[in-house]
Amino acid sequence: MYKINNSGWIEVITGPMYSGKSEELIRRIRRVKIAKKKVKVFKPLIDDRYSNDNVVSHSGDSIEAIPVDRPQELISRLEDDPEVVAIDEIQFFSEDIVPICEHLADKGLRVIVAGLDRDFRNEPFTPVPELLARAEYIEKLHAICLQCGDPATRTQRLIDGEPASYNDPVIMVGASENYEARCRSCHDVKDKPKGDIYE
Ligand code: ADP
Ligand code: ZN
C-alpha cells in the first residue's frame, strides 16, 4: 500500500465500533499476503467476542491472529522475521505497546494497528491518541448512526437499552451491555461531568 524507501512506519486505522476497522485491517493484510510478504497478526487476549485466534469483523470476515496477553509478548513472537506486523483492538493494550510499535517501525517493519479512538464516554482511548500522534499514516473510518443514519463517529454503550453512565468501567468485555454506532448529536452519556465552559 505504502512504501517509504527502506524505513518502516506506523499506520493507524481508527474510528468507532462498526466503522469497518477490522475489515480494513483484514483487507490490508490480504494485500500484504498477495505481495508474498511475511506478516504476523496479533490481537489482545482480552477480546474474545467471537474467536480466540482470529481477527473477525462484524460482517463475518476473518483472518488468523495470535492472541497476546501483554505488549512485551508480541516481541517474543516475531521469530520468523516478518516484514509486516498487524495488531487489532490496539486500545486493549497498555501504553507499553507504543514503544514496541516505534521499535518495530525503527527496525524497518510496516506496523498496521487498528482500534477505537475513543471509549463509550467519548474520551480518548489510551494508547490510541499516542499512536495517532506518532503514526505516519492515519485512517479515520465512520460507521452509520443507528439513530439518524448520519455518519457515526462515536460508540454508544447501552445497558438494558439505556445510555450507560460515565462512571462505568471503560473495559467490560463479555458483560451483558451492548454497543451501537452514533453520530455526535445522537451520542448520549449519563452522568457526564459538566466541565464544558459553554454549558
Ligand atoms: P469495527 O472493527 O470498526 O468494529 P468491523 O470491521 O468489525 O468494524 O465491522 C464493519 C461492518 O459492520 C460493516 O461492514 C457492516 O457490515 C457492519 N455494521 C453493523 N452495524 C453497522 C453500522 N451501524 N454502521 C456501519 N456498519 C455496520
Ligand atoms: Zn445520529
Side-chain angles (χ1 to χ4, degrees), residues 1 10-33 39-68 84-93 97 101 111-129 131-132 135 137-159 161-164 166 168 170-190 192:
M1 181 176 184
I10 299 173
E11 340 174 344
V12 180
I13 304 164
T14 193
M17 276 180 77
Y18 302 103
S19 61
K21 299 182 299 298
S22 298
E23 263 174 10
E24 177 60 20
L25 186 69
I26 291 168
R27 190 184 79 92
R28 292 187 193 182
I29 295 164
R30 288 216 174 102
R31 292 165 62 92
V32 168
K33 288 183 175 173
V39 54
K40 270 267 160 77
V41 186
F42 297 98
K43 57 181 273 187
L45 201 53
I46 187 172
D47 179 40
D48 57 357
R49 58 178 179 175
Y50 299 110
S51 156
N52 234 337
D53 45 12
N54 281 290
V55 167
V56 183
S57 80
H58 291 100
S59 53
D61 227 1
S62 88
I63 210 156
E64 216 175 292
I66 304 165
V68 288
V84 181
V85 163
I87 312 169
D88 199 17
E89 304 284 10
I90 193 89
Q91 77 279 353
F92 289 138
F93 284 107
I97 198 72
C101 291
V111 181
I112 319 173
V113 308
L116 295 166
D117 49 356
R118 279 162 286 148
D119 60 31
F120 77 97
R121 305 170 306 169
N122 200 40
E123 302 291 357
F125 211 143
T126 305
V128 178
L131 286 163
L132 287 170
Y137 300 101
I138 296 167
E139 179 138 26
K140 259 210 188 198
L141 301 173
H142 297 159
I144 300 298
C145 175
L146 280 200
Q147 298 286 297
C148 74
D150 271 4
T153 53
R154 302 187 182 193
T155 303
Q156 176 73 49
R157 182 190 280 172
L158 297 166
I159 310 280
E162 293 299 318
Y166 189 89
D168 284 353
V170 169
I171 298 178
M172 282 176 77
V173 173
S176 60
E177 85 285 1
N178 58 57
Y179 294 92
E180 65 183 42
R182 292 204 185 170
C183 70
R184 181 182 283 269
S185 55
C186 296
H187 187 256
D188 196 3
V189 184
K190 218 172 74 188
K192 185 153 183 147

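Just so you know, these numbers use all the heavy atoms, side chains as well, and skip hydrogens, waters and symmetry mates. Counting starts at 1 for both ligands and their atoms, in listed order. In this text the structure is predicted, and so the values were computed from the model without any measurement.
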Contact partition for Leu146 relative to ligand 1, non-hydrogen atoms under 4.0 Å: side chain

Heavy-atom donor-acceptor pair, Arg118 side chain to Thr153 backbone, under 3.5 Å: yes

Donor-acceptor pair, side chain of Asn54 and main chain of Val56, under 3.5 angstrom: no

Heavy-atom nearest option to atom 2 (O) of ligand 1, drawn from Ala114, Ser19, Gly20, Ser22: Ser22

His142 side chain vs Pro16 backbone, donor-acceptor pair below 3.5 Å: no

Selected option - heavy-atom contact closest to atom 16 (O) of ligand 1, from Gly15, Pro16, Ser59: Ser59

Flag, side chain of Glu23 to backbone of Ser57, donor-acceptor distance under 3.5 Å: no

Donor-acceptor pair, side chain of Thr14 and main chain of Gly115, under 3.5 angstrom: yes

For the Zn ion (ligand 2), every protein N/O/S atom that sits closer than 2.8 Å, waters excluded: Cys145 SG, Cys148 SG, Cys183 SG, Cys186 SG

Donor-acceptor contact present, side-chain Gln156 to main-chain Pro163, <3.5 Å: no

Sub-4.0 Å atoms of ligand 1 with respect to non-hydrogen atoms of Met17: 4 (O)

Those atoms of ligand 1 less than 4.0 Å from some heavy atom in Glu23: 6 (O), 10 (C), 11 (C), 13 (C), 14 (O)

Tyr166 side chain reached by Glu123 side chain, heavy atoms, under 4.5 Å: yes

Those atoms of ligand 1 less than 4.0 Å from some heavy atom in Ser57: 5 (P), 6 (O), 7 (O)

Mutual orientation of the aromatic rings belonging to Phe92 and Phe125 [parallel < 30°, tilted 30-60°, perpendicular > 60°]: perpendicular

Heavy-atom side-chain proximity of Leu25 to Lys21 below 4.5 angstrom: no

